[in-house]
Structures are given as structure tokens and as C-alpha cells.
S.K.: 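What follows is a single structure, and I will ask about it in a moment.
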Amino acid sequence: MGEGAALIEIRDLVRTFGGVRALDGVSIAVAAGERRAVIGPNGAGKTTLINVITGEIPPTAGVVRIAGEDVTMLRPWQRARKGLGRMYQRNELFPPLAARDNVALALAVKAGPYRPLERVPSTQPRAADALLERVGLAGREGIPARELSHGERRQLELAVALAQAPRVLLLDEPTAGMSPAETARITELIASLDRGLTMLIVEHDMDVVFRLADRIAVLHEGRVIADGPAADVRGDVRVNEVYLGKAVATA
Ligand SMILES: Nc1ncnc2c1ncn2[C@@H]1O[C@H](COP(=O)(O)OP(=O)(O)OP(=O)(O)O)[C@@H](O)[C@H]1O
Ligand SMILES: [Mg+2]
């Protein structure tokens with residue numbers, strides 16, 4: 001892959017918090033259509049990396065490019081307009097609102113920040129229901145987000161992220177806190193999404209990572225210590241030492 005072909009290109013990113021170097025010179029390129037996992041121990045810098053890509057946290061140094069364009073100085077909503085969508089590590093739904101209204105709100109935001117309410121298309125509830133069906137929530141449209149199970153809320157968050165019609169989907173621990181059955185369900189949901197949708201997935205569950213990712217980057221103390229095809233990273237001795245442990249060494 002030539003570097004010009006990258007849909008997301010991160011170059012020499014540094015982010016410090018006081019004395020902590022959460023990102024310490026990270027460079028990663030994600031090609032269009034690629035499904036890239038970012039793994040690493042707690043505190044490795046994974047969420048910080050996603051926040052710097054989305055623009056929620058400015059980098060101390062370094063560059064973020066989307067489709068070749070330097071977006072480092074752009075606000076999060078401007079990057080969303082360029083096709084970045086995300087699902088958070090922790091819940092970002094509106095708890096009292098019905099599942100359908102959480103998605104409809106995301107569709108309205110996508111339609112434009114200054115659009116008068118009366119001009120929001122009446123097709124939005126139908127579009128919202130279609131997205132809910134896509135993530136396995138058919139029949140749950142009218143249930144307030146707070147009454148959904150944890151797994152269902154994560155499915156709803158995926159629908160909210162998809163409502164932005166992103167070119168790139170950033171997923172921060174989509175299976176966090178899920179039961180094995182919930183994990184299997186959302187993993188297959190993500191696997192079944194359009195192959196043209198580029199993904200960057202932060203995930204601790206290695207079964208999920210190997211199911212979803214074409215390539216894997218390994219972060220350790222703010223640095224990339226391995227980056228390559230999933231099968232190569234699985235066999236990397238240093239990765240096994242710092243992160244994967246026996247589970248993979250014996251696989
Ligand atoms: N807002 C912040 N203020 C101060 N320190 C922070 C902040 N955000 C992150 N850090 C620190 O930066 C480092 C990286 O944190 P980050 O949340 O990116 O790790 P992570 O890889 O996502 O970990 P986890 O797997 O636990 O989610 C940690 O040492 C963390 O304490
Ligand atoms: Mg994190």
C-alpha cells in the first residue's frame with residue numbers, strides 16, 4: 001500500500017497528560033476498506049489515539065490526515081463531515097429517549113446542525129427503524145435506551161454511529177462488559193457490515209480481534225510495537241510478551 005492510498009494516516013502523534021506520554025510518536029496508516037484493530041494493555045493509549053483521530057483531544061504534536069487531507073486543526077464535527085463516525089468505550093446515549101429517537105436524533109444531526117426542526121424529513125423514523133433492524137433491534141424501537149440490556153444499548157450505539165453514514169467507523173471496545181452471547185452477537189453484526197466501510201477497532205477480546213481484523217497494530221506505553229497482518233502479529237514474540245500471554249503462545 002502506498003502511503004497516499006491511506007484513508008486515515010496518523011503521523012508521529014504525541015499526546016502528553018502532565019508527565020504521562022499517552023501517545024509517544026505513533027504512526028499508523030489505515031487503507032480504505034481495511035479493518036484495523038488496535039490492541040494493547042490498559043493505559044497503552046488506545047482511547048487517546050481514537051480521541052485524537054476524532055478531534056476530541058488535540059495532539060501535543062503530530063498530524064492526522066483523512067483521505068490525504070490534514071485535519072489536525074479541525075473540530076470533531078468537521079471531521080464527522082469528512083466521514084468519521086465513532087462508537088465510544090462508555091455509553092453516550094440519551095437514556096430517557098426511545099431507541100428510535102436516539103437514532104433519529106443522530107440522523108437529524110447528520111442532516112445539518114442549523115436545520116430548522118420542521119425541515120427534518122419525516123422519513124427519519126423509518127430510516128431509524130431500518131438502522132435498528134440492521135443492528136438486531138427490530139421490535140425494540142419504542143423502548144427507552146435506559147430500559148435496554150447492556151448488550152442492546154451497545155447495538156443501539158452502533159446504530160447511532162451508522163446513522164452518521166461514516167466512511168470510517170472508530171469502535172472503542174465494542175464488546176466491553178458484554179456476556180459471551182452478547183459479544184458473539186455484536187461481533188457478527190460488525191463483521192456483517194459493508195466491506196467498503198473502513199474500521200479502526202480497539203478491543204481487548206482477542207477472539208473478537210482475530211474475527212474482525214485484517215491487520216493489527218499493538219500499542220504499548222504510547223508506542224506502536226507491532227503492526228501488520230493479523231496472522232503475523234499473532235506470532236510476534238514481543239507482542240506475546242507484553243500483551244497476549246500464554247493464550248496465544250500456545251495457540
Ligand atoms: N484526560 C486525561 N488526563 C490525564 N491522563 C489521561 C487522560 N486520558 C488518558 N490519560 C492517561 O493516558 C494514558 C493512556 O490512557 P488511555 O485511556 O488512552 O488508555 P487505553 O489504552 O484506552 O486503556 P484502556 O484499555 O484501559 O481503555 C493512561 O496513563 C491514562 O491514565
Ligand atoms: Mg480505552
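Order of listing sets the numbers, starting from 1, for every ligand and every atom in it.
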S.K.: Confirm or rule out an N/O/S atom of T48, from backbone or side chain, lying less than 2.8 Å from the Mg ion (ligand 2).
M.R.: no
S.K.: Work out which heavy atom in R79 is nearest to a heavy atom in I53; give both atom names and the distance.
M.R.: NH1-O, 2.8 Å
S.K.: Any nitrogen or oxygen of F17, side chain or backbone, less than 3.5 Å from one on ligand 1?
M.R.: no
S.K.: Between the side chains of E221 and R223, is the shortest nitrogen-to-carboxylate-oxygen separation below 4.0 Å, so that they form an ion pair?
M.R.: no
S.K.: Taking only heavy atoms of E173 into account, list the atoms of ligand 1 that are under 4.0 Å away from them.
M.R.: 25 (O), 27 (O)
S.K.: Show the atoms of ligand 1 that are less than 4.0 angstrom away from any heavy atom in A22.
M.R.: 12 (O), 13 (C), 14 (C)
S.K.: Regarding E157 and R154, does a basic nitrogen lie under 4.0 Å from an acidic carboxylate oxygen?
M.R.: yes
S.K.: Looking at D227 and R36, is any side-chain nitrogen of the basic one under 4.0 Å from a carboxylate oxygen of the acidic one?
M.R.: yes
S.K.: Are any of the N or O atoms of A44 closer than 3.5 Å to those of ligand 1?
M.R.: yes
S.K.: Please work out, at 4.0 Å between heavy atoms, whether the side chain, the backbone, both, or neither of N42 comes within that distance of ligand 1.
M.R.: both
S.K.: Does G40 have a heavy atom less than 4.0 Å from any atom of ligand 1?
M.R.: no
S.K.: For ligand 1, is there an atom lying under 4.0 Å from some heavy atom of H204?
M.R.: yes
S.K.: Considering only residues two or more places apart or on different chains, which pairs with a residue in residues 50-64 satisfy salt bridge (charged side-chain N to carboxylate O under 4.0 Å, His left out)?
M.R.: E56-R86
S.K.: Would you be so kind as to tabulate the donor-acceptor pairs closer than 3.5 Å made by side chains of residues 158-167, with sequence neighbours excluded?
M.R.:
| from | atom 1 | to | atom 2 | distance (Å) |
| --- | --- | --- | --- | --- |
| R167 | NH2 | K82 | O | 3.3 |

